[in-house]
Amino acid sequence: MCTGEGFGSGIIDLGDGLQVCLLSSFNKVWATPEGGPDNLGASFFEPSQFPQGFSMLGSYSQPNNTLLHGWVLAGRDDTGSALKQPIDYTLVWSSDSLRIKQDGVGYIWLPTPPDGYKAVGHVVTNSPQKPPLGKIHCVRSDLTDQCEFDSWIWGPGKESDPNGFNVYSLLPSNRGTQAMGVCVGTFVAQNTITAPVSLACVKNVVSNLSCMPNRNQIQTIFQAYSPWMYFHPDEQYLPSSVNWYLKNGALLYKKGDESKPVPIDSNGSKLPQGGADDDTYWMDLPLDEGAKERVKKGNLQDSQVYLHIKPMLGATFTDIAVWVFYPFNGPSKAKVEFINIALGKIGEHVGDWEHVTLRISNFNGELWSVYFSEHSGGTWVKASELEFQNGNKAVTYSSLHGHAMYAKPGLVLQGSGGIGIRNDTAKSKKFMDTGANSLVVAAEYLGTDINEPPWLNYFRKWGPKVTYDISEEIKKVDKLLPGKLKSAFDKFIRSLPNEVLGEQGPTGPKMKINWTGDEV
């Protein structure tokens with residue numbers, strides 16, 4: 001099969017006789033309105049409406065603090081050996097003795113697989129009788145992979161107790177563009193999370209990529225879901241296209257020859273290719289002060305987003321990483337309890353790459369979640385919790401000066417104890433429809449079908465190292481703070497990573513961990 005032939009077909013062939021489909025229609029089996037995240041309880045479901053020939057691989061659960069939005073895989077055995085029913089069940093847990101509000105009594109069972117097979121999900125019942133052996137199927141061991149705890153779904157308390165009973169969602173332990181572990185969508189229930197995970201996930205044993213979208217399908221998907229990006233009304237440092245930045249005076253410096261920076265052509269063909277981030281080369285703004293200030297502000301009308309298309313979770317999902325370039329990252333502001341303070345030059349640096357990632361199901365082409373990059377980390381948000389406009393286009397908010405991405409407007413404080421860096425976001429007339437001007441710059445699974453621009457393979461820094469004195473900047477701020485807050489503020493600022501402090505010029509998209517790995 002060619003790439004794209006299996007995209008959106010509803011069934012994915014994982015090889016050696018195992019086919020899987022995605023089910024999102026459920027029957028509720030048991031629920032409680034207490035415990036778990038926000039002390040709102042959790043609900044437990046089993047899938048319904050199985051396509052002909054498909055068998056249940058596990059039940060589904062999610063906390064009650066979110067809308068019902070989930071799925072599990074069902075399996076079909078085309079060889080007679082990929083799936084087998086369990087030989088018994090072990091009762092993992094019962095709510096019988098639990099003194100909380102609940103819908104009846106819930107029982108969670110762990111299938112006992114035959115030799116050479118592994119369980120990939122639990123069965124939940126509202127009866128103390130063991131489920132029928134044919135209720136669920138186990139998967140042949142060579143068609144499985146190791147998995148790990150993901151997010152906390154439920155436990156009797158308000159917080160997860162590592163040595164108590166807990167329910168967690170699962171993800172393959174090894175995730176990335178080359179990893180073939182497939183998320184089953186089931187949960188694990190254990191009396192301790194310090195012990196190994198009692199369940200496995202499945203895997204794409206033949207590395208089948210026919211379910212990944214082809215180039216035309218990529219364009220269709222992105223036009224359907226391309227995010228709208230809002231900038232703060234006070235934002236001075238807006239994005240631009242890379243071509244605009246390079247042809248408007250960006251300079252390439254070489255170590256030992258700093259007095260002779262060279263201009264860069266608009267597509268970056270003169271930039272050194274490959275190599276390592278060894279501080280031999282770096283980019284910087286134009287020398288002319290007028291041009292420098294103009295380029296710093298970017299050019300929203302000439303902005304463009306750059307798409308990296310990659311298989312994820314054993315090619316059952318397509319990740320579209322949407323990269324945005326800013327010529328300049330502005331200075332930070334801090335909140336120290338009730339006082340807001342400008343941090344001088346802290347936070348400033350030349351060249352800023354940020355991104356959001358759309359995760360698309362290869363079973364049906366639906367948007368399942370979006371990842372928002374936030375400085376050195378980020379957050380996954382389910383599609384059911386996103387703000388949309390113009391149909392299915394997710395709304396994103398870029399923070400003032402720092403350009404971290406968020407799903408909702410407002411203030412996010414990067415810190416603790418009332419002290420932190422302000423990340424202010426708001427809707428304004430400054431926005432970018434990312435679908436209006438986008439360019440696919442990489443999709444390795446398509447081979448030579450995509451021409452990568454030269455600037456993408458420039459592995460050095462997009463801005464110089466900043467040489468300002470952090471101690472001097474802190475002193476300026478200290479003068480504005482009451483005595484008891486000075487030491488707490490000093491400690492907080494010195495704990496920030498160099499990326500936030502602005503001491504290092506940033507590297508380009510290909511040098512980020514998530515280029516070949518999962519978003520973390």
Discussion item. What I want to find out is whether K427 reaches E387 closely enough, with some N-O distance under 4.0 Å, to be called a salt bridge.
Written reply: yes

Worksheet item: Are W71 and F317 close enough that their ring centers fall under 6.0 Å?
Response: yes

Worksheet entry | S151 side, atom OG; L171 side, atom CG - distance, nearest 0.5 Å | 8.0 Å

Item to complete: Before accepting this row, confirm whether a basic side-chain N of the pair R175/E148 lies closer than 4.0 Å to the acidic partner's carboxylate O.
Response: yes

Worksheet, complete the sentence: On a heavy-atom basis, the closest approach of T507 and W353 is O-CD1, 3.7 Å

Fill in: Check: H308 ring centre within less than 6.0 Å of W323 ring centre
no

Worksheet item: For V322, does its backbone N or O pair with a side-chain atom of H355 as donor and acceptor, under 3.5 Å?
Response: no

Worksheet item: Ion pair present between K465 and D279, side-chain N to carboxylate O less than 4.0 angstrom?
Response: yes

Worksheet item: Can you check whether Q304's main-chain N or O pairs, donor with acceptor, with S241's side chain at less than 3.5 Å?
Response: no

Discussion item. Under a 3.5 Å cutoff, is there a donor and acceptor pairing between the side chains of D319 and T357?
Written reply: no

Worksheet entry | E374-T379 side chain donor-acceptor pair, cut-off 3.5 Å | yes

Worksheet item: Are the side chain of T186 and the backbone N or O of V120 linked by a donor-acceptor pair below 3.5 Å?
Response: yes

Discussion item. Can you see whether S173 engages D145 through a side-chain donor-acceptor pair at a distance of less than 3.5 angstrom?
Written reply: no

Worksheet item: For the residue pair Q62 and L68, what are the closest heavy atoms and their distance?
Response: NE2-CA, 3.2 Å

Worksheet item: With no hydrogens and no angle check, do the side chains of N362 and T316 hold a donor and an acceptor under 3.5 Å apart?
Response: no

Worksheet entry | Y230 and Q389: side chain donor to acceptor below 3.5 Å | yes

Practice prompt. Return the orientation label for the Y326 and H403 ring planes: parallel under 30°, perpendicular over 60°, tilted otherwise.
Written response: parallel

Fill in: Between CG on residue L238 and CZ on residue F231, distance to nearest 0.5 Å
6.0 Å

Fill in: Straight-line distance of L456 CG to I450 CD1, nearest 0.5 Å
11.5 Å

Worksheet item: So does K510 pair up with E452, basic N to acidic O under 4.0 Å?
Response: yes

Worksheet entry | E235 side chain to Y237 side chain, donor-acceptor N/O pair below 3.5 angstrom | no

Fill in: Single hit among D284, L285, L251 for side-chain contact (heavy atoms from CB on, under 4.5 Å) with P464
D284

Discussion item. Treating S399 as the side-chain partner and N423 as the backbone partner, does any N or O pair qualify as donor plus acceptor under 3.5 Å?
Written reply: no

Discussion item. Which residue is it: F328, F325, W455? I am looking for the one with a ring pair (Phe, Tyr, Trp, His ring centres under 6.0 Å) to Y245.
Written reply: F325

Item to complete: Could you tell me which non-hydrogen atom of C147 sits nearest to which non-hydrogen atom of L199, and how far apart they are?
Response: SG-O, 3.1 Å

Worksheet entry | Short side-chain donor-acceptor distance under 3.5 Å, W515 and E444 | yes

Fill in: Pairwise side-chain contact, F459 with N457, heavy-atom cut-off 4.5 Å (strictly under)
yes

Worksheet entry | G517 backbone acceptor or donor facing N514 side chain under 3.5 Å | no

Discussion item. Ring centres under 6.0 Å, that's the criterion: do F388 and W228 meet it?
Written reply: no

Worksheet entry | Cationic N near anionic O, under 4.0 Å, R460 to D278 | yes

Fill in: Interatomic distance, S43 atom OG to I153 atom CD1 [nearest 0.5 angstrom]
11.0 Å

Worksheet item: Just by distance, do the side chain of S438 and the backbone of G435 share a donor-acceptor pair under 3.5 Å?
Response: no

Worksheet item: Does D265 offer a backbone N or O that forms a donor-acceptor pair with the side chain of S269 under 3.5 Å?
Response: no

Discussion item. Regarding N208 and S210, do their side chains bring together a donor and an acceptor under 3.5 Å, going by distance alone?
Written reply: yes

Worksheet item: Under 4.5 Å between any side-chain heavy atoms of L252 and P272, yes or no?
Response: yes

Worksheet item: By side-chain hydrogen bond (donor to acceptor under 3.5 Å, both in side chains), which residues pair with N174, not counting sequence neighbours?
Response: none

Discussion item. Show the nearest heavy-atom pair for residues A315 and N204, with the distance to one decimal.
Written reply: CB-ND2, 4.1 Å

Worksheet item: Under 3.5 Å, side chain of Q219 to main-chain N/O of Q217, donor-acceptor pair present?
Response: no

Worksheet entry | Between N248 and R294, a side-chain donor and acceptor under 3.5 Å | yes

Worksheet item: Taking K393 for the side chain and Q223 for the main chain, is one N or O donor matched with an acceptor at less than 3.5 Å?
Response: yes

Worksheet item: Taking the side chain as C-beta and beyond, is there a heavy-atom pair between I264 and M283 under 4.5 Å?
Response: yes

Fill in: Side chain to side chain, C211 and S9, heavy atoms closer than 4.5 Å
no

Response to the item:
So CG of N39 and CD of E159: to nearest 0.5 Å the spacing works out to 10.5 Å

Worksheet item: Just checking, any donor-acceptor pair under 3.5 angstrom between side chains of H69 and E385?
Response: no

Discussion item. For the CG atom of L386 and the CG atom of L367, what is their distance to the nearest 0.5 Å?
Written reply: 6.5 Å

Worksheet entry | Donor-acceptor pair between Y168 and S160 side chains, under 3.5 angstrom | yes

Discussion item. Quick check against the 3.5 Å criterion: does R359 have a side-chain atom that pairs as donor or acceptor with the backbone of K382?
Written reply: no

Worksheet entry | Among N364, N214, I12, I221, the one residue meeting side-chain contact (heavy atoms from CB on, under 4.5 Å) with F7 | I221

